[in-house]
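Computed from heavy atoms alone, side chains included, the values below leave out hydrogens, waters and symmetry copies. All values derive from a computational prediction rather than experimental measurement. Every chain is numbered from 1, with letters handed out A, B, ... down the list of sequences.
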Amino acid sequence: MEPKISEKAWNPELEKKILQQWEEDKIYDFTPQDDNYTIDTPPPYPSGRPWHIGAAAHYSQIDMIARTARMAGKNVYFPIGIDRNGLPVELYTEKKHKIRMRETERGEFLNLCREALDDLEAEMILIMKSLGISGDFANYYRTDSKEYRALTQSTFIELWKKGQVYLANRPNNYDWVSGTTIADAEIIYEDLATKLVYMKFKIKDTDQEIIIASTRPELLCACRTIIVNPDDERYSKYIGKKIIVPITNAEVELRTHHSAQQEFGSGAVMVCSYGDQNDVSLFRELKLEEIVAIGLDGRMTEVAGEYAGLKPKQARTKIIEDLETEGLLDKVEDIVHRTPVSERSKTPIEIIPMEEYYLKQKEAVEKIKKLGQEITFHPSMHKQILMNWLDSINIDWPISRRRYYGTEIPIWYCKKCSEPHVPEPGKYYRPWEEKCPITNCSKCDSTEFVGEERTFDTWMDSSVSPLYISKFKRDDEFFKKVYPASIRPQAKDIVRTWLYYTLLRCEQLTGEKPWSEAWIMGYGLDEKGMKMSKSKGNAIDPLPVIEKLGADTFRFWSASEINHGYDFRCNEQKIESTKKFLSKLWNVSRFLSSFPVIESAKLSASDEWILAEVDKLVKECKKGYEVYNFFIPAIAIREFTWNVFAAHYIEMVKARAYGIDFSDEERDGAIFTLHKTLSTILKLLAPITPFITEHLWKELYSKNSIHKEKQVESENIEDKSNVTKEISEFNSKVWNEKKSQNLSLKDSIKIEIPKSLEPFKKDLKSMHNLLD
RNA sequence: GGGCUCAUAGUCCAGGUCGGUUAUGACGUCGCCCUUACACGGCGAAGAUCCGGGGUUCAAAUCCCCGUGGGCCCA
């Protein structure tokens, strides 16, 4: 009997053909019905956000969600998008062409960015496709398309009209390298080496002095007060006294405030506009008048006197020298300081008062909390990330950015009276180069306007993804059918940004939650357990791995190694060793391909036993698939296929299946059961390894795709795992006995079969060549 | 400083809700074996004071408390 499958091992090259077939047959096409399963797929950012092996694993798993849902009988809408707005591509373009954004004509710069994105996007699509992602590539969207940006702008205009947007001059986080304001969510903290400078401040009309330690001596010119802790007895005699600021000789008052820590430095703290967030709140609380010491160019302003024009770091060095010369320097310590830096440019941020647009969010916190409670999180523990973030929100969301490659803020200002005007929603506007669509100023009737030059924070775009994919305001019928979406899969690190902002915006615009489930994945870590990222240089490129080992191997690794929601370590060798399981599956199938597929048969005890084990496996897999945790089915299927089905059952029934010394009826029972078991394994595995299961399915069972099949349901067969244990113990006993007697496995031996295994006697005898 | 989370063989990981055999499986290592699906295999072996300390209990990897260390997030 020749096996129908002749090749000895799974060849990943076959994946390309299968992919092509899927595309030709359009098997993943979506037509909206009354009930749909919509996935709010994260649109990856080409180049900027890390697109490494962890991300590839992430998208593989998102695809498993889609396939699981499809096999559960759902009508799955799995859109694919590419996120193309934002700073990373601007930095990339500046570097690639050795140009500066602000010194390049805006239109030209945007074109260069677009070209760069096109290249990077092509590679990204290639990776996603070769991973076997079953998304809607034919209609993939871009967040910088006219349609998408028109949506971002329309939603802004709507919120503007509702009074949710306002302009305010506030201390802002400013990234002077990128030349833009950034949101709190875009700040990360890094331990940086710096100098803690102890300075001598004279007390007015006395010859006494106090020591004040600061990491920002260059802000002396912006110092407005000195605070000490009310419990700090060292300074109680100076409270209310005037203190002379060194270098500037300005006079400030010494007062008490609980935020001054007695242990830090000398216990006395200078409050300047603005050294850190604490300064900001103190200025507000004590109603101090701010002094702008650092300008938008990241350099000291004229208030810094002779230090004007220097960068803060240069000014700091010079001031330390000058303090020393004038004998006002006590000492300098080298310390490591937790410094807020821009997540994108990695430079320490400055806090500078600027006029920016804000979207109201503070008053929405309670509503969003409630909405969050209604959403099922997988795993549930990650809901806490959202709740913690909601608790820490204390300012509105600054949404304007002084950048080019983003969605333009659709506002024109009257040249005469500066009144802002927003156009009608529905179109994509570019105020920096287009004429104002409004003819007369509503306030002064003037006809001349000037366009806003700023763009939106990219989360303004990303946060409407559920609205874009559901064709909000573009196709009402479609929208009604697919919104709210079913699930938002995403990574853990952007819960406080993407997930939160989406909740906020969709609630503001639709009054509804954007999805009913959120599926949160952990980070890809390197072999040492550190978070993988491009900037750290520890990222592994997924493409060579996939090309070498095939997508299924990679996907099975991702399912079997990543317990859902937890961080996972990536190791190339580990991925490679996963391939063995696919080989095993292949060879089991190859063996079975020697036998015809039988519709029904009379079953023997062994057959009933393995089918009970199969049923147990079906139940176990269902447990995992129900919560989209692929770790559970992957481990269970591997364990069953390898260590139960192949190791024991197949060995037991091999002779029977060949019909050697067995009746036709007995033979058919074995063949039927072998195929029933394998076809079940293939279906259970289909969402995880779609290629090999498709290939084997078509070779053995059907002309039609396995991905059109419904998932196997449990038949509620009684658990027989105690039999499994006895069988494997008996088999081990025989193997060990033969070994100790130096017998070959095919040699005959005399070993008593235990009473409990009596029903399996004939199979066991033929398996081990047992003598009576 | 606060929060989330983790700690089990050389490596990765299961078990933990609901305490109870000999602590699961994989990778790796070492031995033996070509046995008509598979040497990308089979069989077997070695390898774990379940992070430390205390408590509850007849019984703790599991529950409680206190530490220590890692990762991530926030201030």
Inset, instruction - Output, in order, the C-alpha distance, side-chain angles, deciding distance and verdict of salt bridge (Lys or Arg N to Asp or Glu O under 4.0 Å) for D661(A) and K765(A). - result: CA-CA 11 Å; D661(A) 297 329; K765(A) 265 181 74 181; over 6 Å; no
Inset, instruction - Could you check I368(A) against Y500(A) for side-chain contact (heavy atoms from CB on, under 4.5 Å), going step by step and ending with a plain yes or no? - result: CA-CA 8 Å; I368(A) 303 296; Y500(A) 162 68; 4.2 Å; yes
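A gap of 28 Å separates the P atoms of U49(B) and C72(B), to the nearest Å. If you take atom C1' in U8(B) and the same atom in A61(B), they sit 7 Å apart, rounded to whole Å. Taking atom C1' on both A48(B) and C13(B), the two are 14 Å apart, rounded to the nearest angstrom. Straight-line distance between the C1' atoms of G31(B) and G71(B): roughly 39 Å, to the nearest whole Å. To the nearest whole angstrom, the two C1' atoms, one in G70(B) and one in C34(B), are 47 Å apart. Distance noted for atom C1' between C58(B) and G69(B): 34 Å (whole Å). Using C1' as the reference atom, U35(B) and C12(B) are 32 Å apart when rounded to the nearest Å. For the P atom pair drawn from A75(B) and U21(B), the interatomic distance equals 46 Å after rounding to whole Å.
With no hydrogens or angles considered, no side-chain donor-acceptor pair links E699(A) and S593(A) at under 3.5 Å. Between the side chains of S604(A) and D607(A), at least one donor-acceptor pair of N or O atoms lies under 3.5 Å.
The pair K616(A)-E620(A) does not meet the salt-bridge criterion, since no charged nitrogen lies less than 4.0 angstrom from a carboxylate oxygen. We find that E651(A) and K654(A) are joined by a salt bridge, their nearest charged nitrogen and carboxylate oxygen being less than 4.0 Å apart. Between E366(A) and K369(A) a salt bridge is recorded (basic side-chain N to carboxylate O distance below 4.0 Å). Between R656(A) and D763(A), at least one side-chain N (NZ, or NE/NH1/NH2) sits under 4.0 Å from a carboxylate O, which counts as a salt bridge.
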Legend entry - Under 4.0 Å protein heavy-atom contacts per nucleotide of nucleotides 38-48 of chain B, with B for base, S for backbone only and - for none: BSBSSBS----
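Atom CD of Q741(A) is separated from atom P of C33(B) by 16 Å (rounded to the nearest Å). Here the P atom of nucleotide U35(B) and the CG atom of N742(A) are 15 Å apart, to the nearest Å. If you measure from atom CG of L390(A) to atom P of G2(B), you get 22 Å, rounded to the nearest angstrom. In this entry the distance linking CD of E639(A) with C1' of C13(B) reads 13 Å, nearest Å. The nearest whole Å value for the distance from the CZ atom in R656(A) to the P atom in U36(B) is 20 Å. A straight line from CD1 of I5(A) to P of U36(B) spans 20 Å, rounded to a whole angstrom. For I637(A) and G25(B), the CD1 to C1' distance is 15 Å, given to the nearest whole Å. Distance D493(A) CG to C73(B) C1': 10 Å, rounded to the nearest Å.
Using a 4.5 Å heavy-atom threshold, the side chains of Q61(A) and I562(A) count as touching. No side-chain heavy atom of V269(A) sits under 4.5 Å from any side-chain heavy atom of V228(A). Y625(A) places a side-chain heavy atom less than 4.5 Å from the side chain of P633(A).
Residue-environment remark: NZ (K4(A)) exceeds the threshold of 12 foreign heavy atoms within 6.0 Å. In the displayed structure, K762(A) atom NZ is contacted under 6.0 Å by more than 12 heavy atoms of other residues, nucleotides or ligands.
Side-chain atoms of N587(A) come within 3.5 Å of backbone N or O of S583(A) as a donor-acceptor pair.
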Nucleotide N/O of nucleotides 3-10 of chain B paired with protein N/O under 3.5 Å:
| from | atom 1 | to | atom 2 | distance (Å) |
| --- | --- | --- | --- | --- |
| G3(B) | O2' | N388(A) | ND2 | 2.6 |

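Qualifying salt bridge (charged side-chain N to carboxylate O under 4.0 Å, His left out) partners for R667(A), counting only residues two or more places apart in sequence or in other chains: D664(A).
Taking every heavy atom of residues 547-557 of chain A and every atom of RNA chain B, no pair lies under 4.0 Å. Within residues 617-634 of chain A, the residues approaching RNA chain B are F631(A), by heavy-atom distance under 4.0 Å.
Remark: RNA chain B takes part in the stems B:1-7 with B:68-74, B:10-12 with B:25-27, B:29-33 with B:41-45, B:51-55 with B:63-67, each of 3 or more antiparallel Watson-Crick or G-U pairs, criterion distances under 3.5 Å.
The residue among A646(A) and N643(A) whose nearest nucleotide of RNA chain B lies closer to the 5′ end is N643(A). Nearest-nucleotide positions on RNA chain B for I660(A) and R638(A) put R638(A) closer to the 5' end.
Between I393(A) and K362(A), the closest heavy-atom pair is CG2-CG, 4.4 Å. Across L582(A) and I692(A), no two heavy atoms sit closer than the pair O-CD1, 3.7 Å.
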